[in-house]
Amino acid sequence: MYRHLEHRLARHVLEFLRRRYPAATLPNVVMEQPPRVELGDFAIPIFPFAKPLRTAPLKIAEAIRADIGPIEGIAEMQVAPPGYLNVKIDRAWMAAALAADQRPPADIPAGKILVEHTSINPNKAAHIGHLRNAILGDTFVRLLRYAGREVDIQNYIDNTGVQVADVVVGFTHIEKKSRAEIEALAGQPRFDYYCWDLYARVSQWYAQDKQNLQVRAQTLHGIEDAASETAVIAELISTAVLRRHLETMGRLDIEYDFLPRESEILHLHFWDAAFTKLTDSGVLTFENEGKNKGCWVMRRAGTDRVARALLPATADANKTNGSDTPDDLDDLLIAIPLKPGVDFRLSGISEEDQKVIVRSNGTVGYVGKDIAYHMWKFGLLGRDFAYRKFYRYPNLHDCWISATEGEKDHPHFGDVAEIYNVIDARQSEAQNTVVEALRGLGHNETADHYTHFSYEMVALTPRCAAELGYTLSEEDKARSYIEVSGRKGFGVKADDLLDQLIVSAKSEVDSRHPQLTDAERLSIATQIAIGALRYFMLKFTKQSVIAFDFKEALSFEGETGPYAQYAVVRATSIFKKAAMDPDIFCREVAGDVSAGDFARYLAGDNADEIWELWLASAKTSYIVSQCIATTEPAYLARHAFQLAQLFNTFYHRHPILSEPDEKRKQFLLATVAVVRRELIRALAVMGITAPPVM
RNA sequence: GGGCGCGUAGCUCAAAUGGAUAGAGCACCGGAUUUCUAAUCCGGUGGUUGCAGGUUCGAUUCCUGCCGCGCCUACCA
């Protein structure tokens, strides 16, 4: 509603100025919010118009105010020095629309969106860093769906990489376990915890003797051959850990539609298809000298092509195709899985700007697989996975997994219009390389619909690390935060944190509501714990490193999820006390408050406080669109908090059920009902529900 | 060395494409309820926005340089 009105106002102002100054080229109308609600609901800075119109800002503002004429939903305009046009909304009009829950139809872009998030290596338990990823990703999915978009959720599983290999090494070489023993362990409740510890031990084992790294190489090689015993064990372990991850995320109400695995990208030869296209287009080039001799390389994203001209040694090597192939190239080609007749070029890229995609031994690196995978995402590869059902959620939603041979009937995945990859900031260079590959293939427009949803890591404060029993170097103690490391087993496990939050919330609920059954109290405590955790991960902007601290994360007061949940509970309790159903009241009664009553009770300066509550309630979809446009869910968290804060102030100042004026009481109840509805919606987009009591 | 990012109150963080008096939470101090339960509310203390220039009617925001910190920069993923 708010968003709609803002657009309408901007359009009217611009049209007015066009009529008044037909000759001038006008800048965009910028909409802001005045610092205080008394000043108005929209603020339009007029300064940018002064120069093109050769008129003082105040004069322009005055002209608009006096002559623009009536606009539906706008009550009045005021000119404010040094050059603002402040606009007040017709409060009764807006309140009536909001009470009736009118939502003007928005233009929803066509096309499916693919959001990839979580993507934890399936070799150990999920930790708080993974939680941030999954919560950001899941919230972004909810934002898109709230805005009416169709979304597929994918969780990429790197089940053939070094990390899985390392745990396989742990089981087979350190613990010397048989396949049957591993299978038995994998059936244990928190198998991922077992792997967490083992993974850290493997890292130590490598550090003890560099010779041990050869075992890793052998294991990695073994995994790629699907028929080998090593591959079977790796599959066994990674699948069991993957199930644990789905369970962990399921506790937070985070679900996936499809789990593409690296093993299928390998076995279905996605890379071969991509390789042909990449070499044909000259994106991928061959390097025949220097440290990357014998590799297929790409230009590192962000490096400048001009730089190459400064390197005389490589100038000749970039002539275009194989016609000027050096003599020794044929030898090198034997080691490379090249089809005859493939057209290729020599790289001619300076060494430091090269990104190795195919190693000289012919194996493909991570970025190469990622390029192929992203071509598939956009339907550009010409190949598809096979699919089978993997996991059924309690709500009966099925999560599918990639397979070499799958089920006949399956949903259509991939081939989407837009993608968002929730991946931490450390991988932005790799992400950019994938985008550049798409551009190089001529898919510029497609590349524009590729968004790296980049966020910073979760680290531990030195105090937190000490609490966990880690001994810190003097250097680490002086840092403001210390990076989590799965390799070292250094971090806070997701399930542990959630358990702790539940225990902590439970003791609060126990003391407040002893009359409830234990199951009821546990259910409430769980909702509170999830609310606290999800809010905590969303309140920080993406680019801020979260220095994790138990005291803050376990807090249920102040700017927290439970604070917002509590506001909903309070709103609900008013209706409960009055023996009314808040949802029914909101749907069927709130809209009956007459325009006259809205006008009366929202008029004047002393109604500003209540109006502010209505205004904030009107902003939910506006905020949602801001979050999507900026890929920043933190704005929504802030909005929910502000709504809750305004409500708590209102709740404190205005006794509602004891209000003697029956019409005013209805108005106040409508206020509560609308705020409650919008707060519940905002929280739902963050994956937070409000318990019945707190 | 190069690339990306960060530096705001004692602490943790906000501040939408540059806008009106830089805001919250925590901590600390002082208050509020026999009411729709206080996981709440009200008030107070707390700032040279790292430093120096520049652009602009206007800079926490944009540009340049410097200082400090983090991440990336592997034929790892």
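Note on naming: letters A, B, ... go to the chains in the order of the sequence lines (proteins, then strands), and numbering restarts at 1 for each one.
Under 4.0 angstrom from either OP1 or OP2 of B:C72 there lies no side-chain N or O belonging to A:Ser428. Checking the phosphate oxygens (OP1, OP2) of B:C41, a side-chain nitrogen or oxygen of A:Tyr563 falls inside 4.0 Å. For A:Arg300, a side-chain nitrogen or oxygen approaches OP1 or OP2 of B:A74 to under 4.0 Å. Phosphate contact (OP1/OP2 of B:G70, side-chain N/O of A:Arg479, threshold under 4.0 Å): present. Remark: A:Asn292 is in phosphate contact with B:C75, judged by side-chain N or O atoms under 4.0 Å from OP1 or OP2. Taking 4.0 angstrom as the limit, A:Tyr156 places none of its side-chain polar atoms (N or O) nearer than this to OP1 or OP2 of B:A77. A:Tyr366 has no side-chain polar atom (N or O) that falls below the 4.0 Å cut-off from OP1 or OP2 of B:A77. At the phosphate of B:A39, OP1 or OP2 sits under 4.0 Å from a side-chain N or O atom of A:Arg512. Taking side-chain N and O atoms only, A:Arg426 has no distance below 4.0 Å to OP1 or OP2 of B:U73. Within the structure, every side-chain polar atom (N or O) of A:Lys539 is placed at least 4.0 Å from both OP1 and OP2 of B:C13. A close approach under 4.0 Å does not occur between any side-chain nitrogen or oxygen of A:Gln427 and OP1 or OP2 of B:C71. Checking the phosphate oxygens (OP1, OP2) of B:C76, a side-chain nitrogen or oxygen of A:Arg359 falls inside 4.0 Å.
Taking atom P on both nucleotides, B:A24 is separated from B:G58 by 28 Å, rounded to a whole Å. As rounded to the nearest Å, B:C75 and B:C69 have C1' atoms that lie 32 Å from one another. The P atoms of B:C76 and B:G18 are separated by 43 Å, rounded to the nearest whole Å. Taking atom P on both nucleotides, B:U48 is separated from B:C26 by 23 Å, rounded to a whole Å. The gap from the P atom of B:U64 to that of B:G46 amounts to 37 Å, rounded to the nearest Å. For the P atoms, the distance linking B:A27 with B:U60 amounts to 30 Å, nearest Å. With both ends at atom C1', the span from B:C63 to B:U56 equals 12 Å, rounded to whole Å. Rounded to whole Å, the separation between the P atoms of B:G44 and B:C51 comes to 28 Å.
Using modelled atom types and a 3.5 Å distance limit, the side chains of A:Lys542 and A:Ser454 yield no donor-acceptor pair. Using a 3.5 Å distance cut-off with no hydrogens or angles, the side chains of A:Tyr563 and A:Asn648 do pair a donor with an acceptor. Under 3.5 Å, the side chains of A:Ser263 and A:Asn159 contain a donor-acceptor pair of N or O atoms.
Residue order along RNA chain B, read from the 5' end via each residue's closest nucleotide, puts A:Pro35 first among A:Pro655 and A:Pro35. Heavy-atom distances to RNA chain B give each of A:Ile546 and A:Ser658 a nearest nucleotide, and the one nearer the 5′ end belongs to A:Ile546.
A:Ser625 contributes atom OG, which lies 4.0 Å from atom CZ of A:Arg3 (distance to the nearest 0.5 angstrom).
Nucleotide B:C75 forms no Watson-Crick or G-U wobble pair with any nucleotide shown, as no partner meets the under 3.5 Å limit on both distances. Across every strand in view, B:A9 sits unpaired, with no contact that passes the Watson-Crick or G-U test at under 3.5 angstrom. For B:U48, there is no paired nucleotide, since no Watson-Crick or G-U wobble pair has both relevant distances below 3.5 Å.
As judged by a 4.0 angstrom heavy-atom cut-off over every strand, A:Phe556 is placed among the base-contacting residues.
Residues A:Tyr2 and A:Phe42 bring their aromatic ring centres within 6.0 Å.
When each of A:Lys124, A:His117, A:His245 is checked for a side chain to side chain contact (heavy atoms under 4.5 Å, CB included) with A:His130, only A:Lys124 meets the rule.
Side-chain to base pairing of A:Asn123 with B:A77: no donor and acceptor N or O lie closer than 3.5 Å to each other.
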